[in-house]
Amino acid sequence: MERLRQDDPSHIGPYVVLARLDADSTERTVPERRYLGRTADGRRTVLVCVPRVGADPSRWAIEAEGARRLSVPRFLGIAEVGGTAGFPWYAAPYTPALPLPAVLAAYGGPLPEATVRRLGAALAEALVAVHAQGVTHAGLSPAAVLVTAGGPLLTCVGAVRAAAPDGVRRSGLPGLDPGCLAVEQASGGRPEPLGDVFALGAVLAYASTGHTVPEQSELPPGLRRLIGSCLSSDPSARPRSAQELLRELVSPAAGRDLGGEAYPPAGTALDHAAVPLPGRVVAALAAQSAALLAAELPAAQQPFASPQKVH
């Protein structure tokens, strides 16, 4: 939770903007502007998002509406999409959540291998479910992962498609983490499930090292081969599917030596009852919740965008 800047909106649709979700240091690789907001009567608190400055609002709105229609475990549940053609927004019910970069900042560095495996298993499980519906996430990155007390949530669905249409080179575009773009997507290819596998490998690399493009020697030995295969520039050298990646993350052999910590049985993803978040991360989530509860609504100002629905 970050202080608002002068260029931030005071209102988005019916919501009073209270704070930014993302730190300035991560803004370059966040594909949308994300805020914590509240209705004027104080009854509802939400995560409310709008396109980056300079982004194509129509493409962004199409992806937001597509994400709203999804019903996939561990995907952020979007409650409403609204605004105008020039200023679209979407909102989701608030739950204390930290973007993955903020989790590493709160923890003080890369996460333990056991935590990375469980995080990866939960995210792979989400990809399995969405791929089964014929949909690619096409926007997975550290910023797209929100960590909550109940497990991770995926956001920023379709960020790659929203940044540029197929056939247009996407490498170097604002809001896209270059380390999470498979070569075929960076060059303008249509997002495919194996691109999501590449991006998940980059997320696991980030959680393990603090970088999406680490040196092999930086990766934990137990994850080095798996992450390396996910990050192959050759799609055929990656795990063949998110399901295969999930199996490797949760297989007993993969987790046989995690510093004495027992790994959950095959098929089990992130379980915070069995594997609590590090204490410093729990404290950061609690601090965010407390600060938001204490935040006072500012005096009424001119709304940033009309609450008119676009669907």
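Computed from a prediction, not measured in an experiment: that's the story for all the values here. Position 1 is the first residue of the sequence; numbering continues from there.
Under the 3.5 Å distance criterion, the side-chain polar atoms of E125 are left unmatched by any main-chain donor or acceptor of L246. Distance alone, capped at 3.5 Å, is enough to place a donor-acceptor pair between the R224 side chain and the L219 backbone. Side chain of R52 to backbone of E27: a donor-acceptor contact under 3.5 angstrom is found. No side-chain donor-acceptor contact under 3.5 Å links R20 to the backbone of D8. Judged by distance alone, the side chain of S229 and the main-chain N or O of L226 form a donor-acceptor pair under 3.5 Å. With hydrogens and angles ignored, the 3.5 Å screen pairs no side-chain donor or acceptor of R68 with any backbone N or O of Y90.
Annotation: R5, atom CZ; neighbour count of heavy atoms from other residues, nucleotides and ligands within 6.0 Å is above 12. Crowding of R240 atom CZ: a count of heavy atoms from other residues, nucleotides or ligands under 6.0 Å not exceeding 12. For Q216, the CD atom counts as densely surrounded, since its 6.0 Å shell holds more than 12 non-hydrogen atoms of other residues, nucleotides or ligands.
For the pair E184 and R238, the salt-bridge criterion is met [side-chain N within less than 4.0 Å of a carboxylate O].
In this view, E63 and R161 satisfy the side chain to side chain donor-acceptor pair (under 3.5 Å) rule, not counting sequence neighbours.
Taking CG of L119 as the start and CD of E113 as the end, the distance is 13.0 Å to the nearest 0.5 Å.
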Worked check of side chain to side chain contact (heavy atoms under 4.5 Å, CB included) between H137 and L200: CA-CA 10 Å; H137 183 283; L200 180 50; over 6 Å; no
Worked verdict on T39 versus D41 for side chain to side chain donor-acceptor pair (under 3.5 Å): CA-CA 5 Å; T39 52; D41 60 12; 2.6 Å; yes
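The aromatic rings of Y15 and W89 stand perpendicular to each other, their planes meeting at an angle above 60°, with 30° marking the opposite boundary.
Under the 4.5 Å side-chain heavy-atom criterion for Ile, Leu, Val, Met, Phe, Trp and Tyr, V160 and L127 are members of distinct hydrophobic clusters.
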